[in-house]
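Worksheet: one structure, shown below.
No hydrogens, no waters, no symmetry mates; every other heavy atom, side chains included, goes into these values. Here is the naming used below: chain letters follow the sequence lines, and residue numbers restart at 1 for every chain.
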Protein chains: 2
Amino acid sequence: MAMRPTSVSPRGDQTRESLIDAAVAVFGRDGFRAASTRSIADVAGVNQALIGYHFGGKPGLYLAVFDRITRRVAQYLGPVAQSIEQQFDEIVASEDRQAARCVGFIHQLTDALVATFSAPESSAWARLVLREQQDPSEAFERLYGGMIGGMLSLISRLIAQACATDPNGVETRVMTQTVIGQALVFRSARATVLRQLDWQDIGAAEIKTIQSVIRRNVTAMLIGGRS
Amino acid sequence: MAMRPTSVSPRGDQTRESLIDAAVAVFGRDGFRAASTRSIADVAGVNQALIGYHFGGKPGLYLAVFDRITRRVAQYLGPVAQSIEQQFDEIVASEDRQAARCVGFIHQLTDALVATFSAPESSAWARLVLREQQDPSEAFERLYGGMIGGMLSLISRLIAQACATDPNGVETRVMTQTVIGQALVFRSARATVLRQLDWQDIGAAEIKTIQSVIRRNVTAMLIGGRS
DNA sequence: GTCTATAAAGTGATAGAC
DNA sequence: GTCTATCACTTTATAGAC
């Protein structure tokens with residue numbers, strides 16, 4: 001089985017990039033099995049046989065697509081997450097719980113999630129990721145290890161700190177999912193959202209509204225009814 | 001183009017049922033395009049040519065699948081929704097806002113949503129519905145008109161009543177989505193949920209935990225931080 | 001109402017020229 | 001690194017026997 005060539009030729013690099021770009025769109029639209037290597041090659045403007053040469057075959061290209069998605073999503077969320085991670089270390093080291101500050105960090109993260117999921121490129125990603133969520137393959141490992149896992153861990157620790165609960169407890173983790181779910185639904189149930197709200201698209205104005213409602217919800221959930 | 005026969009033969013009925021059952025599973029697993037009529041017929045234990053005879057072709061069978069899903073989900077959620085709808089009419093007619101009672105109704109609905117999405121049959125449905133949400137076709141109309149629209153409307157009115165807001169206002173509708181999103185995420189991000197919580201499955205015990213957390217969240221969101 | 005058989009088109013992989 | 005050509009297989013739809 002042919003593997004990705006080790007030499008770094010500018011021409012070949014360009015071909016690989018074009019193929020991955022095209023594969024994100026076509027795999028997203030048609031799914032792994034229905035997507036044909038011919039249509040991917042056509043969209044990429046390269047020869048069909050080059051998929052075998054550069055990625056070893058259709059499955060290899062599919063995995064390369066998820067590495068691409070992971071890297072791109074990390075570009076959106078990474079800076080915010082890292083900044084919070086750093087400040088969170090100081091909070092844990094201090095004696096004060098600083099619940100309000102933790103909630104503020106969660107607000108930053110839900111804002112970023114809503115913005116990321118609403119980005120135009122996210123449309124193709126979502127189809128791929130949602131499929132993997134229902135029926136995880138090797139590609140899901142790359143997603144979880146590359147981005148999702150770290151994000152879940154960070155939000156769980158912030159919630160635990162804000163509510164003085166166990167970050168590894170079941171309730172904290174379930175609560176983490178409900179926080180993310182509030183942002184995720186605007187992508188996963190997109191057709192329903194557009195229809196119910198009579199929106200043509202989720203643009204800058206709509207994103208602001210969503211972010212503001214989720215901020216309010218999160219605040220109420222975490223420091224509204226207690227301590 | 002052959003249409004569904006008008007005569008009602010027991011033998012043909014059985015064939016149609018088998019084909020729809022099989023189609024839910026195979027379309028769910030492979031998507032519309034990748035699913036082959038041959039594999040559907042094999043799973044159903046009938047001849048491939050009968051898909052053309054009974055449904056006019058592959059697209060006709062696909063639509064029949066969504067009618068089936070709509071009817072089944074309505075069996076889960078319909079009774080709860082109707083009971084609440086009835087009592088809600090009385091609340092609107094009365095002078096008291098009865099916010100706590102409205103929140104109780106929403107709890108019943110989120111409980112039902114979590115239970116429905118976690119049902120084993122929901123696994124195949126979800127793949128189909130999530131695809132339509134990203135890329136709606138004629139099948140989405142049947143879903144929205146048959147079930148989703150009514151559920152959204154009911155929750156929006158309950159939220160508006162509980163919070164004294166406009167049921168048709170953007171904020172109320174966005175809030176409705178965030179409520180549903182908390183239940184939906186346990187299906188739409190299933191692989192992530194199972195992994196983060198180290199669950200093998202979402203069974204009766206897990207459902208109880210999820211329902212309880214969402215109930216608490218909804219209460220905080222709607223009557224925790226205000227009035 | 002169900003079957004077999006088949007036509008016409010599309011699939012992924014790959015050998016081999018350049 | 002890229003191309004053309006082709007193999008072996010699968011796809012949907014349908015004609016026609018029963």
Please state how far atom [atom1] in [X] lies from atom [atom2] in [N], giving the value in whole angstrom units.
X	N	atom1	atom2	result
Phe55(B)	dT14(D)	CZ	C1'	18 Å
Ile40(B)	dA13(D)	CD1	P	11 Å
Leu50(B)	dG16(D)	CG	P	18 Å
Asp42(B)	dT2(C)	CG	P	16 Å
Arg33(A)	dT11(C)	CZ	P	13 Å

query = Quick one: is dT11(D) close enough that its OP1 or OP2 comes under 4.0 Å of any side-chain N or O from Ser36(B)?
reply = yes

ask   = Phosphate oxygens OP1/OP2 of dT2(C): is one of them under 4.0 Å from a side-chain N or O of Thr15(B)?
value =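 Yes, because at least one side-chain N or O of Thr15(B) sits under 4.0 Å from OP1 or OP2 of dT2(C).
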
ask   = Are more than 12 heavy atoms from other residues, nucleotides or ligands located less than 6.0 Å from atom CD of Gln86(B)?
value =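 No, the 6.0 Å shell around CD holds no more than 12 heavy atoms from other groups.
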
query = For the rings on Phe27(A) and Phe32(A), is their centre-to-centre separation under 6.0 Å?
reply =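 Close enough - the centres of the two rings lie under 6.0 Å apart.
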
Nearest heavy atoms of Ser118(B) and Ile207(B), plus distance in Å =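 Of all heavy-atom pairs spanning Ser118(B) and Ile207(B), the closest is CB-CD1, 3.6 Å.
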
query = Nearest 0.5 Å, what's the CZ-CD distance between Arg216(B) and Gln211(B)?
reply = 13.5 Å

Can you identify which nucleotide, out of [options], has its nearest atom closest to the [X] side chain?
X	options	value
Ala49(B)	dA15(C), dC3(C), dT11(C)	dC3(C)
Tyr53(A)	dC3(C), dT2(D), dA13(D)	dT2(D)
Gln48(A)	dT14(C), dT4(D), dA13(D)	dT14(C)

query = Start at the 5' end of DNA chain D and walk down; is the nucleotide closest to Gly45(A) or to Ala34(B) reached first?
reply =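 Here Gly45(A) is the residue nearer the 5' end.
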
message = Quiz question: going by heavy-atom distance under 3.5 Å, is there a donor-acceptor pair between the base of dG12(C) and the side chain of Arg38(A)?
response = yes

